[in-house]
Amino acid sequence: MSKSGTLDLATGVGGKIEKKQVLSAVEKYEKYHACDREAEEERKANYIDMVNKYYDLATSFYEYGWGESFHFAPRWKGESLRESIKRHEHFLALQLGVKQGQKVLDVGCGIGGPLREIARFSGTYVTGINNNEYQVTRGKELNRIAGVDYTCSYVKADFMCMPFADNSFDGIFAIEATCHAPNVFDCYKEIFRVLKPGQYFANYEWCITDFFDPNNSNHRRIKREVELGNGLPDIRSMGQCIEALKHAGFEIIWDKDIAIDSPLPWYLPLDKSHFSLSNIRVTALGRFFTRNMVKFLERVGLAPEGSQKVQAILEQAADALVEGGKEGIFTPMYFFLARKPSVTDDLPT
């Protein structure tokens, strides 16, 4: 059950951050995204603090507006956002080829929406790794409500250095999460280590496309605003991701920007010019209502000071994502399926 009302949203802002520290946490987070090289290096060096601040501040807003699965999905005409998200998750599970009873890892699992859906769909045991204490706590509560405690679990840890033995999992997936890694090669290498030989890693990655022009000031602005509003150290290209996968030892089975073939634009739920009764909270009208309710709740002390700043950052990020999608310079669903070679791959036949 997602956050059902604005009061639930407001009282959840800040996550594990003390309510009186929310404003200073927002200001510290904003400093990570100053427009200079030093700030970029600080984002990468302090990515754990930056990402934790981001998700402590943003998770309640995400759950209130989006539900339990914090990701985009290609969408058919006549299909609801919720239906498209589930289909997107089922597609990924099928690509992994996992079987009932196997052990699967969700890298950067959020509050566990995809984790629970894939566990139920595939009959597998899914472990989510997440370094944000608030999201892990919230995910466990949602597991309890859904009755999936036996098949779904969490480990609070950094996915850049996972507390699992080599060759532990029968399949690994990530959904719009490894974009938070400060170094994509080190991230994929760690995933390679804990995946069993012969098994698969499937990922939806946030990337800039070939249409991104680093000399275009508008493109740079959009990229910077997406990074600020989504807790990212730097958005990588698709080519950088593929090279990192190969360097980590993976065999690339196939890859594609799935957003290209989406009948409806992936960014449609965030587009202020689009109205949807089924997902009214993320429309212009819904944003207006949320903005003013958060303002009121902060003024009367029910929401912590700084809540309006968080909401403003997320609105700016939503607008930048829409711009990036319309310009064709950004995709949130560059998909790849990669395989860890089997120990028998190089043996003579």
Side-chain angles (χ1 to χ4, degrees), residues 9-66 70 108 110 130-135 158 176-177 179-183 206 208 214 217-236 270 272 282 287-288 290-299 301-324 329-330 332:
L9 159 65
T11 55
V13 173
K16 290 294 182 179
I17 300 171
E18 288 188 28
K19 301 306 179 185
K20 62 183 180 181
Q21 298 296 326
V22 167
L23 180 58
S24 62
V26 180
E27 292 170 345
K28 173 63 176 174
Y29 175 76
E30 288 180 314
K31 288 179 180 178
Y32 281 128
H33 289 272
C35 302
D36 56 56
R37 182 69 180 175
E38 183 178 342
E40 181 180 336
E41 293 305 315
E42 187 176 2
R43 288 201 300 272
K44 293 179 179 179
N46 298 286
Y47 74 96
I48 292 176
D49 180 63
M50 182 191 71
V51 174
N52 264 310
K53 277 187 171 57
Y54 176 77
Y55 279 113
D56 271 327
L57 296 166
T59 293
S60 285
F61 284 96
Y62 273 26
E63 191 178 350
Y64 173 79
W66 211 256
F70 302 165
N130 188 331
N131 207 32
N132 183 265
E133 184 179 352
Y134 175 68
Q135 289 197 334
D158 181 5
E176 303 181 23
C179 51
H180 293 294
N183 183 297
W206 280 31
I208 54 172
S217 61
N218 192 47
H219 287 189
R220 292 197 309 271
R221 175 192 59 79
I222 293 169
K223 178 175 180 287
R224 184 172 65 252
E225 290 180 2
V226 170
E227 290 165 350
L228 167 64
N230 294 278
L232 305 179
D234 185 30
I235 305 176
R236 293 172 279 268
L270 299 179
K272 289 187 293 189
V282 297
R287 286 201 218 175
F288 175 80
T290 302
R291 187 184 315 125
N292 284 281
M293 281 301 297
V294 170
K295 181 179 181 179
F296 170 76
L297 292 168
E298 183 175 329
R299 182 174 296 169
L302 291 174
E305 187 181 6
S307 297
Q308 292 178 79
K309 288 178 70 70
V310 177
Q311 200 266 344
I313 288 171
L314 294 178
E315 275 208 47
Q316 183 183 44
D319 293 339
L321 286 166
V322 172
E323 284 189 87
I329 62 173
F330 170 78

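Not measured: the values here are computed from a predicted model. Quick note: residue numbers are just sequence positions, from 1.
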To the nearest 0.5 Å, what is the distance between CD1 (I222) and CG (L321)? 10.0 Å

Sole residue of Y54, Y32, Y29 in side-chain hydrogen bond (donor to acceptor under 3.5 Å, both in side chains) with D49: Y32

Just by modelled atom types, is the I235 backbone N or O under 3.5 Å from a matching donor or acceptor in the E227 side chain? yes

What distance separates K295 NZ from Q311 CD, expressed to the nearest 0.5 Å? 11.5 Å

Return the minimal non-hydrogen interatomic distance between P233 and P182, and the atom names on each side. CG-CA, 4.2 Å

I need the N292 CG to L297 CG distance, nearest 0.5 Å. 11.0 Å

Is there a donor-acceptor pair under 3.5 Å between the side chain of K19 and the backbone N or O of V13? yes

R299, CZ: over 12 other non-hydrogen atoms inside 6.0 angstrom: no

Would you find more than 12 non-hydrogen atoms of other residues, nucleotides or ligands less than 6.0 Å from E315 atom CD? yes

In Å and rounded to the nearest 0.5 Å, what is the OG to NZ distance from S24 to K53? 8.0 Å

4.5 Å side-chain heavy-atom contact, N131 and V51: no

Can any side-chain N or O of N130 pair as donor or acceptor with the backbone N or O of N132 at less than 3.5 Å? yes

Are the side chains of I313 and E30 in contact, using a 4.5 Å heavy-atom criterion? yes

In the structure I gave you, are the side-chain heavy atoms of I329 and I208 within less than 4.5 Å of one another anywhere? no

First locate atom CG of N218, then atom CD of E323, and finally report the distance between them rounded to the nearest 0.5 Å. 6.0 Å

In terms of heavy-atom contacts, E305 and E298 come closest through CA-OE2, 3.5 Å

Nearest atoms (heavy-atom pairs only) where D56 meets K16: OD1-N, 3.1 Å

Should Y134 and L57 count as side-chain neighbours, where that means a heavy-atom distance under 4.5 Å? no

E176 side chain reached by F70 side chain, heavy atoms, under 4.5 Å: no

Is there a donor-acceptor pair under 3.5 Å between the side chain of Q135 and the backbone N or O of Y55? no

Taking all non-hydrogen atoms of both residues, which atom of L23 and which atom of G306 are closest, and how far apart? CD1-CA, 3.9 Å

Measuring from atom NE2 of H219 to atom CZ of R221, what distance do you get when rounded to the nearest 0.5 angstrom? 9.5 Å

Testing the basics here: between Y62 and G229, what is the closest heavy-atom pair and its distance to 0.1 Å? OH-O, 4.3 Å

Atom of M50, atom of L232 and distance for their closest heavy-atom approach: CE-C, 3.8 Å

